[in-house]
Participant: 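The structure under discussion is supplied below as structure tokens; questions concerning it will follow.
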Amino acid sequence: PRRAAACQRGLTLIESMMAVVLLALMLGLGLPSLQTMLDSNRVAREASWLQSDLRMARAEAVRRGAPVGLCASSNGTACTAGATWRQGWILFSNARGDGSFDAAAGDQILRVQRAWSGSDTATTTPNADRLAFNGEGFAAVLRGGNTTITIRAPSAPVSSTRCLIL
């Protein structure tokens, strides 16, 4: 009697190559959208940090019944002239109510936000690197009406942009 043919085990070279081609195709299609999603989430997180500190500044001004300021700061200890919000900021009690930190006037830092790690941009229209809320919670240092802070990743589509309007 003849012996039964042995069962084939494993994959052939052609089957393995097809699996590699399909994997490469799926990665090629999926990675760009993954990068867009990561950029969008990072921008949303950064906008959330700034929005949270703006809300805290307003709430703290109302709680104290005195001005509270927020300004761009690259060192975390003082307002930095010409700095942008992406370089970090400080939130502080603001005795003069002008949005400028002055320790000699009794201003105290309440919170420090460090610079963003990515290359995202934050532009302000009109250009403002400092804001203040008076004791009633109204924005006190706005130049020419509303201020818009736009946060965007350079490589992400416009849909990843976040805007904060004061």
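Along the sequence shown, the residues carry numbers beginning at 1.
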Participant: Linking Ile, Leu, Val, Met, Phe, Trp and Tyr by side-chain heavy atoms under 4.5 Å, what else ends up with Val20?
Facilitator: none
Participant: Just wondering, more than 12 heavy atoms not from Arg58 lying within 6.0 Å of its CZ?
Facilitator: no
Participant: Answer yes or no: does atom CD of Gln51 have more than 12 heavy-atom neighbours from other residues, nucleotides or ligands under 6.0 Å?
Facilitator: yes
Participant: Has Thr12 got a side-chain atom pairing as donor or acceptor with Glu15's backbone, closer than 3.5 angstrom?
Facilitator: yes
Participant: Would Ile109 and Leu91 count as a side-chain contact (heavy atoms from CB on, under 4.5 Å) here? Give the steps.
Facilitator: CA-CA 6 Å; Ile109 294 177; Leu91 187 144; over 6 Å; no
Participant: What are the two closest heavy atoms between Ala122 and Arg86, and how far apart are they?
Facilitator: CB-N, 4.0 Å
Participant: If you round to the nearest 0.5 Å, how far is CD1 of Ile90 from CG of Asn75?
Facilitator: 7.5 Å
Participant: With side-chain contact (heavy atoms from CB on, under 4.5 Å) as the test, would you mind laying out the steps for Cys79 and Phe92 before giving the verdict?
Facilitator: CA-CA 10 Å; Cys79 297; Phe92 53 93; 4.2 Å; yes
Participant: Applying side-chain contact (heavy atoms from CB on, under 4.5 Å), run through Arg162 and Ser40 and close with a yes or a no.
Facilitator: CA-CA 9 Å; Arg162 299 293 185 268; Ser40 180; 3.6 Å; yes
Participant: Quick one: pull up CD in Glu60 and CG in Leu110 and give me the separation to the nearest 0.5 Å.
Facilitator: 5.5 Å
Participant: Check for a donor-acceptor pair, side chain of Arg96 on one end and backbone N or O of Ala105 on the other, with a separation under 3.5 Å.
Facilitator: no
Participant: Do Leu164 and Leu50 have side chains that approach each other closer than 4.5 Å (heavy atoms only, starting at C-beta)?
Facilitator: yes
Participant: Can you find a heavy atom in the side chain of Leu54 that is under 4.5 Å from one in the side chain of Phe133?
Facilitator: yes
Participant: Nearest 0.5 Å please: distance from the CG atom of Asn41 over to the CG atom of Asp39.
Facilitator: 9.0 Å
Participant: Contact between Arg130 and Ser73 at the side-chain level, heavy atoms closer than 4.5 Å - yes or no?
Facilitator: no
Participant: Verify, without hydrogens or angle tests, whether Asn94 (side chain) and Val68 (backbone) share a donor-acceptor contact under 3.5 angstrom.
Facilitator: no
Participant: Rounded at 0.5 Å granularity, tell me how far CD in Gln113 sits from CD in Glu46.
Facilitator: 9.0 Å
Participant: Can you confirm whether Pro154 sits close enough to Asp120 that some side-chain heavy atom of one is under 4.5 Å from a side-chain heavy atom of the other?
Facilitator: yes
Participant: Is it the case that atom CG in Leu25 sees more than 12 heavy atoms from other parts of the structure closer than 6.0 Å?
Facilitator: yes
Participant: Say you draw a straight line from CZ of Arg42 to OG of Ser160; how long is it, rounded to the nearest 0.5 Å?
Facilitator: 9.0 Å
Participant: Would you indicate whether Arg45, at its atom CZ, is surrounded by more than 12 heavy atoms from other residues, nucleotides or ligands within a distance under 6.0 Å?
Facilitator: yes
Participant: Is the backbone N or O of Pro67 less than 3.5 Å from a side-chain atom of Asn134, with the two atoms forming a donor-acceptor pair by type?
Facilitator: no
Participant: For Asp107, does its backbone N or O pair with a side-chain atom of Asp102 as donor and acceptor, under 3.5 Å?
Facilitator: no
Participant: Membership question, hydrophobic clusters at under 4.5 Å side-chain separation (ILVMFWY): are Met56 and Leu166 in the same one?
Facilitator: yes
Participant: Could you go through the side-chain contact (heavy atoms from CB on, under 4.5 Å) check for Trp89 and Thr84 one step at a time?
Facilitator: CA-CA 9 Å; Trp89 58 84; Thr84 65; over 6 Å; no
Participant: Please name the pair of heavy atoms, one in Thr80 and one in Asp129, separated by the smallest distance, quoted to 0.1 Å.
Facilitator: O-OD2, 3.9 Å
Participant: Atom OG of Ser74 and atom CD of Gln87: how far apart are they, to the nearest 0.5 Å?
Facilitator: 5.5 Å
Participant: How is the hydrophobic cluster of Met26 composed, in terms of its other members, when Ile, Leu, Val, Met, Phe, Trp and Tyr link through side-chain heavy atoms under 4.5 Å apart, directly or indirectly?
Facilitator: none
Participant: If we count only N and O atoms by modelled type, under 3.5 Å, do the side chains of Arg152 and Thr121 hold a donor and an acceptor together?
Facilitator: no
Participant: List the atom of Phe101, the atom of Thr77, and the distance in Å for their closest heavy-atom pair.
Facilitator: CE2-O, 3.6 Å
Participant: Check Asp53, Thr123, Thr124 against Trp85 for a side chain to side chain donor-acceptor pair (under 3.5 Å) and give me the one that passes.
Facilitator: Thr124
